[in-house]
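What follows is a short report on a single structure.
Labels below follow one simple rule: chain letters A, B, ... track the order of the sequence lines, proteins then strands, and each chain is numbered from 1. All heavy atoms count here, side chains included; hydrogens, waters and symmetry mates do not. All figures in this text were calculated on a predicted structure; none of them were measured in a lab.
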Amino acid sequence: MRIGRLETFLLLGGPVLFLGVFFLVPFAMMALASMQSDDGTLTSSHYVKLATDGYYWSVLLLTFEIGAGVSLLTFLLGYPLAYYLTFHVSSPALRRIIYIILVTPLFTSTIVRAFGWIVMLGRAGLVNQWLRGLGLISQPLDLIYTQTSIVVSLAYTMLPLMVLAVGSVLQNMNRSLLEAARDLGANSLTTFLKITFPLSLPGVVAGSLIVFTLSVSAYVTPSIMSGGRHLVMSMLIYQQYMVLFDFNFGAALSILLLVMTLLLITAYVLVLERSGRTTAAP
Amino acid sequence: MRLHLRSSIATHLALGTIGWLALAFLLLPLIVVIGVSFTETPYLKFPPQGFTLKWYAQFFHDTSYMDAFWLSVVLATSATLLALLLGIPAGLVVMRRSFPGRQSIAAIFLSPLILPMIVIGVALLQFATVAGFARSFFALLVGHVVVVMPYVMRTTMASLHSFDLSIEEAAQDLGATSAETFFLVTLPQIKPGVVAGGLFAFITSWINVEVSIFHSRQEFLTLPVKLFNYVQFNIDPLIAAASAVTIYFAVLAVIVLDMMIGLEKATSRS
Amino acid sequence: MSDLISIDKLVKRYGSVVALGGVSLNIRRGEFLSILGPSGCGKTTLLRAIAGFVEPTSGEIRIDGQLMNDVPPNRRPVNTVFQNYALFPHMTVAENVAFGPRRAGMARGEITRRIAEVLLAVGMDGYGDRYPRALSGGQQQRIALARALINQPQVLLLDEPLGALDLKLRKRMQLELKRLHQDFALTFVYVTHDQEEALAMSDRIAVMKQGEIVQFDNGQEIYRNPASRYVADFIGEANLIDCVLDGGSGVRLAHGSLVLPYSCSGSDAATLMVRPEDIHLGDAPGDAAIVVVPATVRNKTFIGQGWRLVIALDTGHVISAQPPASAAIEQLIPGDRVTAWWPSERGRLLTR
């Protein structure tokens, strides 16, 4: 179908206009606000505050620590599951069931998932109820409101994404390479360590970056699971906008988070391009 | 696509164990929430004591919950329709016609998929405040469309990727205009992808919190935002019932998606 | 004037690549024309330009006198049979075939009648409710034909339609296409890289090379009088033997002293073309109008309808011969000395 100039204009016009007005303009406005003080004059004070005040560095550090923890946990749980699903599940019915289990949580709201963890780990939650009922403890344990609980519940949210990313690469892997390795005398473990795993790295990197990026910018889960005792970047941003009404400093924080995300994505694209040359494509 | 390597039984068992542990991990919170929603006790108890639907009844009779529920439904439906109207043409043009800046435009259109949702939310809040429509349905709608349109565009582009162009040429050869070609030949072919995209869009809007919280008012909440507010103060079986309803929605959507084009295909990135 | 299509100096450039370098062609009403050439020669580009899918860089295309350059494909009086058939997978056979008439606004009853007619003509009656994926390649091909024919186009364009079929099926379909051409009294423009196919089916053949037509004539002429080495080599089998000028305008085989009864002027080197089936082995008749060269047999292959021998002429040239079968030929073995001869008028001197 020849899409002529006129048709391009008409078809693309709507989306371009819409996103231009409601996506790009707000971002431009936010970038501008991050460099304005309350009376509208241009200033770099917000960024200076960010760079020099140790408090914000600590928040950033915590955010990144959590992100790294989530990536690691999802990798440790997700890679075996993806491998199992790809190479050890042959029944199509079972595959469908597993995919349903994987995707259903993704279709529930993060708040519902966090609620599930509160139900289990909260002070009035199930684990504490059991332990008290069994007489093992007299006071409820603080299972949530810890950094670990944030990592665990975020990992819960992100696990399906890691499994899908790794699984996709494992599925499309050229089987004859693995068979060749076996033919040449390698056992299962060696084949995995020397062939399968290295070739699956693009999927691991992709999954880790998606998980890390989304964890670092997550709001609902850390907000609920931290109980106010820990603060991550997104919570800080929310505070600025909805509690302190400091739109300008909030904008600076947002731009910082945005820039970090873009850097991560660029890194991902570069890694992907480089590994694309060494991956043996079928 | 099973690899016929003779892995040892031990490997198979070990992998299976971790695999199923991970799957149980994925199911656990959802099952707990659903289980707790049936308890007769006024506090959370799992396994539930007794069996009652009174919390669901309360949920469906609660005006504020129902208002939130319907707002979410209307919002998701409108956002999806708009996303289809914008995302399909965008996907079509990007895949079919090369023009300067094509890659960049595609990247920008798809960027909400990976950008921090909270940043999208606050940027829109700022803009809406200045433009005077903050905390309105319009603001909510616009924010949701920005966030969900990429899902439609992405699946549309994927459908067009492996598309046999010669059938479109055949249609033209036989006398069809561009519009006729699109509606009679192209659209039926990309329908599965478009439907999947629409479904992803709907669900993404339905469960969204990070954009909705910035545009809500006390009387004007989506269901996820309402749940978010309550959860911070008290947790009781009523919230469990409300949450469970959304889980049932999710299961329904997943099954519909699986029946329409298969989950494996819908989630593959190839 | 019975020129249905006239193409005048058609040029198509893609960046710096010249797909068509100024092609001019007149296609007569009712003829079966083949455009023949190897892949990349521009034949498909030419066909698609007639169909309207390729916009010419310059030049004109006229159908029935009307300029077609700005007319989009859906308004041209031509229909195409695509190489991969391009049947609509989500429609039944009947819906596929009805597509063209529906676009033209034909009445339902009339369409139904015509579908039945055309399916019968291609031997696929009764298949109306099937889906394309349930059909074999050959069957899909016939439906593609039916879908095009039902519109009674002035010109039917066929883009290597038989390429995906096996040999036997291909030969059968060639006969079918000829029959359809006659029965429907249409003009066919047929693109192929198979010279046997072109020779078998066409009234005229346009041989293309790198974006240009190098010879345009009926099959027999092209076969007997190829215009260049390229055409000689492409159509049928040809032995191409280098020759050199022998003073004046005489010619002799290179590396030899044998003067040939051919003349040429105005070029330093020439090639003698002789077809293997014109080369005889054995005692030459005492006729002045033959060329005789002693040779040695190199090898011998049985090809069903006779023998093909590779022989080395005493001048050093190695050629193929496919002489009429005889007991003497059967007894030849590699290493034997033979006399190769051919009627001089069967040889052609090519200077290009």
Return the option, out of [options], with the maximum number of heavy-atom pairs under 4.5 Å with chain A.
| options | result |
| --- | --- |
| B/V231, B/V142, B/L223 | B/V142 |
| B/Y43, B/W206, B/F127 | B/F127 |
| B/L26, B/I118, B/T129 | B/L26 |
| B/I247, B/I203, B/V146, B/V122 | B/V122 |
| B/V185, B/L21, B/N208, B/V145 | B/V145 |

**Message:** Using every non-hydrogen atom in the two residues, find where B/A240 and B/V36 come nearest and quote the distance to one decimal.
**Reply:** CB-CG1, 3.7 Å
**Shortest non-hydrogen contact between B/L86 and B/M149, atoms and distance** = CB-SD, 3.7 Å
Structural part of [X] lying under 4.5 Å from a heavy atom of chain B:
| X | value |
| --- | --- |
| A/I100 | both |
| A/L102 | both |
| A/V16 | both |
| A/I101 | both |
| A/Y99 | both |
| A/T108 | both |
| A/F18 | side chain |
| A/T104 | both |
| A/L85 | neither |
| A/V21 | both |
| A/S153 | neither |
| A/I265 | side chain |

Using distance alone, with no hydrogens and no angle criterion, decide if [X] and [Y] have a side-chain donor and acceptor under 3.5 Å apart.
| X | Y | result |
| --- | --- | --- |
| B/R97 | A/T8 | yes |
| A/Q171 | B/E264 | yes |
| A/N187 | A/T190 | yes |

For [X], which atoms come within 4.5 Å of any heavy atom of chain A: side chain, backbone, both, or neither?
| X | result |
| --- | --- |
| B/I120 | both |
| B/T204 | neither |
| B/I239 | both |
| B/V251 | both |
| B/V33 | side chain |
| B/L30 | both |
| B/F200 | side chain |

**Among B/I34, B/L28, B/L27, side chain to side chain contact (heavy atoms under 4.5 Å, CB included) partner for B/I31** = B/L27
**Message:** Applying the side chain to side chain contact (heavy atoms under 4.5 Å, CB included) criterion to A/S109, which one of B/V209, B/L227, B/T222, B/T246 satisfies it?
**Reply:** B/V209
Max heavy-atom pair count under 4.5 Å with chain B, selected residue of [options]:
| options | value |
| --- | --- |
| A/T213, A/V25, A/I224 | A/I224 |
| A/V163, A/I98, A/T157, A/L10 | A/I98 |
| A/Y238, A/F115, A/F23, A/F27 | A/F115 |
| A/S217, A/G13, A/P26, A/G227 | A/P26 |

Parallel, tilted or perpendicular: which describes the rings of [X] and [Y], with under 30° parallel and over 60° perpendicular?
| X | Y | value |
| --- | --- | --- |
| A/F247 | A/Y241 | tilted |
| A/Y79 | A/Y83 | parallel |
| B/H12 | A/H88 | tilted |

**Request:** For B/F25, look at atom CZ and say whether over 12 heavy atoms of other residues, nucleotides or ligands are found less than 6.0 Å away.
**Result:** yes
**Message:** Atom CZ of residue position B/F183 - does it have more than 12 heavy atoms of other residues, nucleotides or ligands inside 6.0 Å?
**Reply:** no
**Minimum side-chain heavy-atom gap B/V119-A/I255 below 4.5 Å** = no
**Asked** With a 4.5 Å heavy-atom cut-off, do A/M233 and A/L253 have their side chains touching?
**Response** yes
**Asked** Are the side chain of B/T181 and the backbone of B/T177 linked by a donor-acceptor contact shorter than 3.5 Å?
**Response** yes
**B/R135 to B/F214 six-membered ring, cation-pi geometry met (6.0 Å, 45°)** = no
